[in-house]
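Report on one structure; see the data block that follows.
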Amino acid sequence: MNDSDTLINVKEIIKGLNEKQIEAVKITDGPVLVISGPGSGKTRCLTHRVAYLIYQGILPENILAVTFTNKASGEMRERVEKLLGSPSASSTSSEQASSGRFMTTPQIGTFHSIGLKILRNEAPQLGYRRNFTVFDEDDQLGLLKRVMGDLEIDAKSFNPKIILYKISELKTQLIFPENHEPKDYYSEILAKIYKKYQQELKDLNAVDFDDLIVLPVKIFKQNSETLTKYQEMWKYILVDEYQDTSHDQYVLISLLAQKYRNLFCIGDDAQSIYQFRRADIRNILNFQKDYPEAKVVMLEQNYRSTKNIITAAQEIISKNKNQIQKSLWTENNHGEKILVAETINERHEAGFVISRMEDLMKSGLGAKDFAVLYRTHAQSRAIEEALIMSGFPYQIIGGLKFYERKEIKDILAYLKLVVNPTDSLALERIYNVPTRGIGKSIIEKVRNNSEKNIVAALAVSLESKNLPPRQLTAVTDFHKLLTDIGEISEKKNLREIIKYIIKKINYEDYLREFSLSKTGDYENLEDRMENLKELQTVASKYDDLSGKEGVEKFLEEVALLQHTDKLRNDPDRITLMTIHASKGLEFPVVFIIGMEEGLFPHSRTTYNPHELEEERRLCYVAITRAKDHLILTYTKYRRIFGSSSATLPSRFIGEIPVACADWQMIDDFDADDKIYY
DNA sequence: CTGTCGTTTATTTTT
DNA sequence: TAAACGACAG
């Protein structure tokens with residue numbers, strides 16, 4: 001590649017970026033912190049930087065880009081490929097000549113997928129086998145309950161969910177069972193549980209989500225050769241959403257970047273809304289302390305929203321003390337004023353939202369242009385009911401995720417046993433699904449013999465002949481079933497294995513039975529059958545892999561994937577979701593409902609200044625989702641936990657500058673629509 | 001083992 | 001209000 005080609009390409013990469021973005025893209029060496037306000041072109045900045053690095057001659061395989069979600073990394077990968085792959089209109093035939101350089105690709109992935117990648121290679125250093133299973137939250141809780149049961153710790157005085165949260169907290173702080181010094185009674189109990197939990201995980205040859213980050217850190221700390229290997233591999237590191245990194249993720253990145261210090265972090269402290277998930281805002285606030293030589297670039301121009309919206313957002317966030325000073329601005333029009341509406345109760349509120357939508361639709365907007373945001377899931381119901389009545393198509397983001405559904409988890413449990421026959425948690429899920437007359441007591445007996453491999457353990461129990469006849473047949477059949485599945489998975493591909501399992505255990509009949517509710521209706525049966533089909537469709541991606549390999553790859557993908565939005569390709573729907581779920585998205589029209597003290601900010605945060613600041617950031621995120629129209633509603637009375645009580649408007653409403661908004665009391669928005677309330 | 005009945009508890013949840 | 005869980009009887 002000659003100079004003029006490079007020049008053309010660089011020009012191409014930089015085209016359409018603003019001055020600040022160009023600056024962020026072009027500082028290739030040394031630490032860089034980019035503070036990117038909402039709608040300031042963050043993803044563009046990231047992707048163009050990756051492309052720029054590569055055009056500067058940096059090998060793609062030396063680049064690591066880390067995101068938080070699969071969606072974000074997918075998007076990034078796609079856009080980088082586009083930038084690199086398709087020859088630009090003005091470029092010459094350099095494409096062929098340079099294409100050899102693109103044989104390798106940059107490593108783009110989520111924190112957890114990167115951690116998993118490292119761990120698959122290095123886990124033996126810590127005594128794990130390479131085919132370990134990744135536990136999701138359900139698995140973790142199941143294991144924890146078992147551990148607590150074994151330790152005879154009462155689940156009433158020690159809530160397993162809280163214990164799990166505490167363990168995770170310790171892990172995130174990189175406190176391991178061996179270096180943990182409990183200082184009071186509670187933490188002593190906790191330490192005991194933690195220790196056993198971690199040991200059991202290892203015995204099951206399993207890791208939890210935290211381990212995916214924490215264990216690589218552990219390896220890097222104890223083996224400098226391994227660390228060096230990865231430092232040499234990833235000389236250029238980019239981190240997206242840096243404000244959301246937790247301590248362990250921060251350490252992981254710090255270790256990797258230590259040698260070459262080419263660390264590019266982008267994020268927005270004002271959009272940090274995951275501290276309850278252990279995001280540590282200090283990571284971004286202290287970046288310049290950690291890297292005194294760091295360059296800082298501020299992306300403050302907003303391309304998304306009207307001036308009114310930006311002004312309101314800016315004003316609200318300015319009430320927070322802990323933040324990096326910045327001021328958003330936009331060249332967009334002032335636009336319409338923000339509408340703040342007082343309604344009577346949640347049904348009235350819902351009715352009002354819909355009548356506003358109807359009005360806006362008259363001016364040419366479609367369902368997909370609307371989003372209704374709320375603080376808590378429970379608020380979606382009133383809106384949903386009103387939408388059903390009005391007949392508008394809608395989708396709710398969140399709720400039960402695809403891979404968390406019973407029918408999916410059941411089948412996955414069978415598959416897990418194929419790959420990791422020591423996964424007794426998977427066994428616990430399905431030993432009696434479908435009903436086959438095997439209960440807890442039998443499984444206890446089986447688990448008590450020293451054989452860790454479940455199929456083998458079953459065989460041993462059969463040998464020992466200390467089972468009554470009916471149980472003996474049940475266990476014999478079950479053992480045969482597992483062996484058969486094992487055999488099939490040697491010969492067939494994933495899709496056929498799944499099909500085989502479903503058929504062999506009569507799963508559809510079982511589901512039918514299971515879905516039959518007291519009222520005699522089949523509850524969700526269609527959905528469930530649909531999901532089974534969907535599962536097989538996803539599985540067909542692995543058709544050309546051999547059985548076991550396909551199962552492994554598939555389970556891996558599933559473990560790291562949150563297959564939330566099946567409806568996403570459905571083009572024209574009103575979107576309902578929590579504010580948290582809305583981060584990173586934008587809509588022409590945004591409704592934020594339930595703007596009341598105690599709901600938003602949530603009552604559990606109002607006494608803690610830090611948590612209150614997070615609520616305010618949440619409000620900032622919500623407001624900045626809107627491009628053109630922003631409507632905030634609150635009710636005078638709201639039903640909470642059954643009983644209705646009077647409420648006060650959210651303090652955030654009072655923080656909106658008067659000039660940006662119209663206040664309205666909605667008494668009667670449309671005489672015909674009284675049915676709504 | 002299975003179903004029922006009472007008790008408990010109610011933010012947000014990128015992986 | 002409602003759903004989710006655990007205890008207990010069948």
Side-chain angles (χ1 to χ4, degrees), chain A residues 66-74 109-116 134-137 140-141 145 154-156 159-161 165 168 172 207-214 240-241 243-246 248-249 267 271-279 346 373-379 381-382 397-401 403-404 431-433 435-443 470-471 474 513-514 516-518 556-565 577-585 594 598-606 611 614-615 617-619 621-622 638-644:
Chain A
V66 193
T67 67
F68 272 86
T69 63
N70 291 301
K71 198 175 147 212
S73 60
T110 62
F111 268 102
H112 292 85
S113 74
I114 302 292
L116 179 64
V134 181
F135 270 17
D136 67 16
E137 221 173 302
Q140 289 183 59
L141 208 56
K145 281 180 183 160
D154 181 23
K156 267 188 192 138
N159 180 330
K161 276 194 184 136
Y165 186 82
S168 165
T172 314
V207 301
D208 63 19
F209 278 134
D210 293 319
D211 287 338
L212 291 177
I213 312 295
V214 165
D240 189 16
E241 307 276 21
Q243 78 281 356
D244 287 336
T245 47
S246 53
D248 53 339
Q249 290 164 340
Q271 292 182 72
S272 162
I273 55 173
Y274 282 105
Q275 271 172 72
F276 72 96
R277 291 265 323 190
R278 285 177 284 283
E346 61 273 347
L373 309 184
Y374 36 78
R375 177 66 241 266
T376 67
H377 281 302
Q379 290 166 258
R381 242 185 80 171
I397 308 286
L400 203 51
K401 289 157 191 146
Y403 287 111
E404 285 171 6
Y431 63 75
N432 203 32
V433 173
T435 326
R436 55 168 74 85
I438 296 181
K440 242 200 168 75
S441 57
I442 301 181
I443 290 301
R470 197 187 298 164
Q471 296 186 356
E513 191 75 13
F514 182 86
L516 196 60
S517 63
K518 302 122 232 154
E556 194 153 290
E557 183 189 319
V558 166
L560 297 182
L561 197 81
Q562 295 294 290
H563 193 135
T564 350
D565 27 13
M577 64 189 146
T578 63
I579 300 169
H580 282 90
S582 76
K583 199 172 96 174
L585 306 176
L599 228 200
F600 191 26
H602 198 274
S603 55
R604 290 167 74 144
T605 66
T606 43
E611 289 187 47
E614 178 145 320
E615 293 287 299
R617 290 192 293 267
L618 198 53
C619 184
V621 167
R638 185 172 292 274
R639 250 183 135 64
I640 300 166
F641 306 150
S643 60
S644 176

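In what follows, every chain begins at residue 1, and chains take the letters A, B, ... in the order their sequences are listed.
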Write down the distance between CG (A:Asp136) and C1' (B:dT13), rounded to a whole number of angstrom.
-> 13 Å
Just call it for A:Glu614: base, sugar-phosphate, or nothing, with non-hydrogen atoms closer than 4.0 Å on any strand.
-> nothing
Of all the nucleotides listed (B:dT11, B:dT14, B:dT13), which has the minimum atom distance to the side chain of A:Glu615?
-> B:dT11
What residues, two or more places apart in sequence or in another chain, satisfy ring-ring contact (aromatic ring centres under 6.0 Å, His included) together with A:His580?
-> A:Tyr274, A:Phe276
If you measure from the Lys or Arg side-chain nitrogens to the Asp or Glu carboxylate oxygens, is any gap between A:Lys583 and A:Glu241 under 4.0 Å?
-> yes
Between A:Phe68 and B:dT15, do the rings stack, that is, sit under 5.5 Å apart with planes less than 30° off each other?
-> no
Spacing between A:Asp240 atom CG and B:dT15 atom C1', to the nearest angstrom | 15 Å
Rounded to the Å, how far apart are A:Gln243 CD and B:dT14 P?
-> 15 Å
Would you say A:Asn70 reaches B:dT15's phosphate, i.e. side-chain N/O to OP1/OP2 under 4.0 Å?
-> yes
Kindly write out the residues that satisfy ring-ring contact (aromatic ring centres under 6.0 Å, His included) with A:Tyr431, not counting sequence neighbours, or none if the list is empty.
-> none
In B/S/- notation, 5' to 3', how is nucleotides 1-10 of chain C contacted by protein heavy atoms closer than 4.0 Å?
-> BS---S----
If we take the C1' atom in both B:dT11 and C:dG6, what is their distance in whole Å?
-> 24 Å
Selection from B:dT14, B:dT15, B:dT12 that lies nearest to any side-chain heavy atom of A:Tyr274 | B:dT14
Applying side chain to side chain contact (heavy atoms under 4.5 Å, CB included), name anything that partners A:Ser168, two or more places apart in sequence or on another chain.
-> A:Thr172, A:Asp210, A:Arg278
Between A:Glu611 and A:Glu241, the residue closer to the 5' end of DNA chain B by nearest nucleotide is A:Glu611
Side chain of A:Thr376: nearest nucleotide among B:dT11, B:dT15, B:dT13?
-> B:dT11
Using a strict 4.0 Å threshold on nitrogen-to-oxygen distance, state whether A:Arg381 and A:Glu346 make a salt bridge.
-> no
Spacing of A:Leu212 atom CG relative to B:dT14 atom C1', expressed in whole Å | 14 Å
Report the nucleotide, chosen from B:dT14, B:dT12, B:dT11, that has the shortest atom-to-atom distance to any side-chain atom of A:Lys583.
-> B:dT14
What is the nucleic acid contact for A:Asn432, judged by heavy atoms within less than 4.0 Å: base, sugar-phosphate only, or nothing?
-> sugar-phosphate
For B:dA10, take OP1 and OP2 only and decide whether either is under 4.0 Å from a side-chain N or O of A:His377.
-> no
Not counting sequence neighbours, which residues clear ring-ring contact (aromatic ring centres under 6.0 Å, His included) with A:Phe135? List them please.
-> none
Separation of B:dA10 atom P from A:His602 atom NE2, nearest Å, is 10 Å
Take A:His602 and A:Glu614 through the test side-chain contact (heavy atoms from CB on, under 4.5 Å) and record every step on the way to the result.
-> CA-CA 10 Å; A:His602 198 274; A:Glu614 178 145 320; over 6 Å; no
Could you state the CD-P distance from A:Glu557 to B:dT15, rounded to the nearest angstrom?
-> 12 Å
Of A:Leu618 and A:Tyr431, the one whose closest nucleotide on DNA chain B sits nearer the 5' end is A:Tyr431
Just how far, in rounded Å, is C1' of B:dT13 from CZ of A:Arg375?
-> 11 Å
Roughly, in whole Å, what's the span from CD in A:Gln249 to C1' in B:dT13?
-> 14 Å
Does A:Arg277 make a side-chain donor-acceptor contact with the base of B:dT15, cut-off 3.5 Å?
-> yes
Could you work out the separation of B:dT12 and C:dC5 based on their P atoms and round it to a whole Å?
-> 16 Å
In whole Å, what separates the P atom of B:dT13 from that of C:dA4?
-> 16 Å
Between B:dT13, B:dT11, B:dT14, which nucleotide gets closest to the side-chain atoms of A:Thr69?
-> B:dT14
What residues, two or more places apart in sequence or in another chain, satisfy salt bridge (charged side-chain N to carboxylate O under 4.0 Å, His left out) together with A:Asp248?
-> none
